[in-house]
Amino acid sequence: MSKEIVQKDAPVLRKLAKNVPSEDITSPKIQKIIQEMKDALASQDDGVAIAAPQIGYDLRIFVVSGKTFAIMNGEDEKVVKYPDVVFINPVLSKLSRKKVWMEEGCLSVRKVYGKVRRSEKATVTAYDQTGKKITRGASGLLAQIFQHETDHLDGVLFIDKAKELEEIDINK
Ligand code: ZN
């Protein structure tokens, strides 16, 4: 069983998450948390990314599912081809001035969807799971994910800034 994904009223989702000391990244404790995040993400059919507070840790870590890269390439997302990518202590930069309204949902705000105004492009600098510094530029879906996940680490949920929120039960 993977860890439960906490839902919107959980206090941990409203905290300012803490940086992981860089020398701790390769420790068994942090590596275990990263694995728990990947497992929890994999347990959700519609999940493209997850932040550590969503499984109860107030740490600045998020994981982007390999599925995201398949979706962006127009490939079958059910075929596992790309690895999950881990971002630790992420810092956003180069947010494009151009913003677009994007459809958004969240594994911690089940069944609710809305539109959020996001920069079309964004860059993230972070440590990867081996403790190496990485910088990754993105546009579209991945840029949206960078912004949504960084918000989680700052205690912000998409419903705080969304418009046209509606509840959709996709299983009906
Ligand atoms: Zn979310």
Side-chain angles (χ1 to χ4, degrees), residues 2-20 30 33-72 77 82-93 95 99-129 136 138-171:
S2 58
K3 277 231 157 193
E4 195 191 325
I5 295 174
V6 300
Q7 293 300 300
K8 73 172 192 305
D9 296 326
V12 67
L13 292 176
R14 293 308 193 172
K15 280 185 164 178
L16 181 66
K18 298 187 205 80
N19 272 324
V20 179
I30 297 299
I33 290 170
I34 291 169
Q35 191 57 51
E36 286 173 353
M37 291 173 67
K38 289 180 179 178
D39 291 345
L41 183 55
S43 75
Q44 306 295 308
D45 282 344
D46 56 347
V48 287
I50 193 167
Q54 293 183 274
I55 56 163
Y57 299 106
D58 65 332
L59 293 171
R60 301 188 80 81
I61 307 173
F62 70 78
V63 176
V64 177
S65 169
K67 202 193 283 179
T68 304
F69 305 100
I71 294 170
M72 289 196 307
E77 59 182 272
Y82 305 96
D84 295 340
V85 184
V86 179
F87 296 85
I88 301 166
N89 305 347
V91 175
L92 278 178
S93 63
L95 287 162
K99 292 186 172 184
V100 282
W101 288 99
M102 301 183 89
E103 267 313 322
E104 212 157 305
C106 179
L107 297 175
S108 293
V109 192
R110 272 306 187 194
K111 297 186 199 164
V112 174
Y113 298 87
K115 291 198 177 86
V116 182
R117 205 155 172 261
R118 300 288 190 191
S119 291
E120 202 177 31
K121 291 180 182 159
T123 295
V124 156
T125 300
Y127 292 103
D128 70 8
Q129 67 183 78
R136 183 145 190 170
S139 59
L141 176 61
L142 189 56
Q144 178 185 18
I145 290 172
F146 284 170
Q147 294 165 79
H148 179 110
E149 299 308 318
T150 307
D151 276 349
H152 268 304
L153 306 181
D154 293 335
V156 174
L157 296 176
F158 87 99
I159 46 174
D160 302 346
K161 28 172 100 166
K163 69 169 186 181
E164 295 169 29
L165 282 170
E166 52 181 339
E167 209 167 306
I168 302 169
D169 195 340
I170 47 173
N171 296 318

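Just so it is clear, the values below take in all heavy atoms, side chains as well, and ignore hydrogens, waters and symmetry mates. Treat the numbers as computed from the prediction; the structure is a model and nothing was measured. Numbering of ligands and ligand atoms starts at 1, following listing order.
With a 6.0 Å radius and a threshold of 12 heavy atoms from other residues, nucleotides or ligands, Gln7 has its CD atom above the threshold. More than 12 heavy atoms of other residues, nucleotides or ligands lie within 6.0 Å of CG in Asp160, so this atom counts as buried by the packing criterion.
By the criterion of a separation under 2.8 Å, the protein N/O/S atoms near the Zn ion (ligand 1) amount to Cys106 SG, His148 NE2, His152 NE2.
Applying the side chain to side chain contact (heavy atoms under 4.5 Å, CB included) test between Ile55 and each of Leu107, Ile50, Val6 identifies Ile50 as the sole match. Here the options are Val20, Ile33, Val12, the test is side chain to side chain contact (heavy atoms under 4.5 Å, CB included), and the partner is Tyr57; only Ile33 passes. For the side-chain hydrogen bond (donor to acceptor under 3.5 Å, both in side chains) test with Gln144, the passing option among Glu103, Glu104, Arg118 is Glu104; the others fail.
Side-chain atoms of Asp151 and Gln147 include no donor-acceptor pair closer than 3.5 Å.
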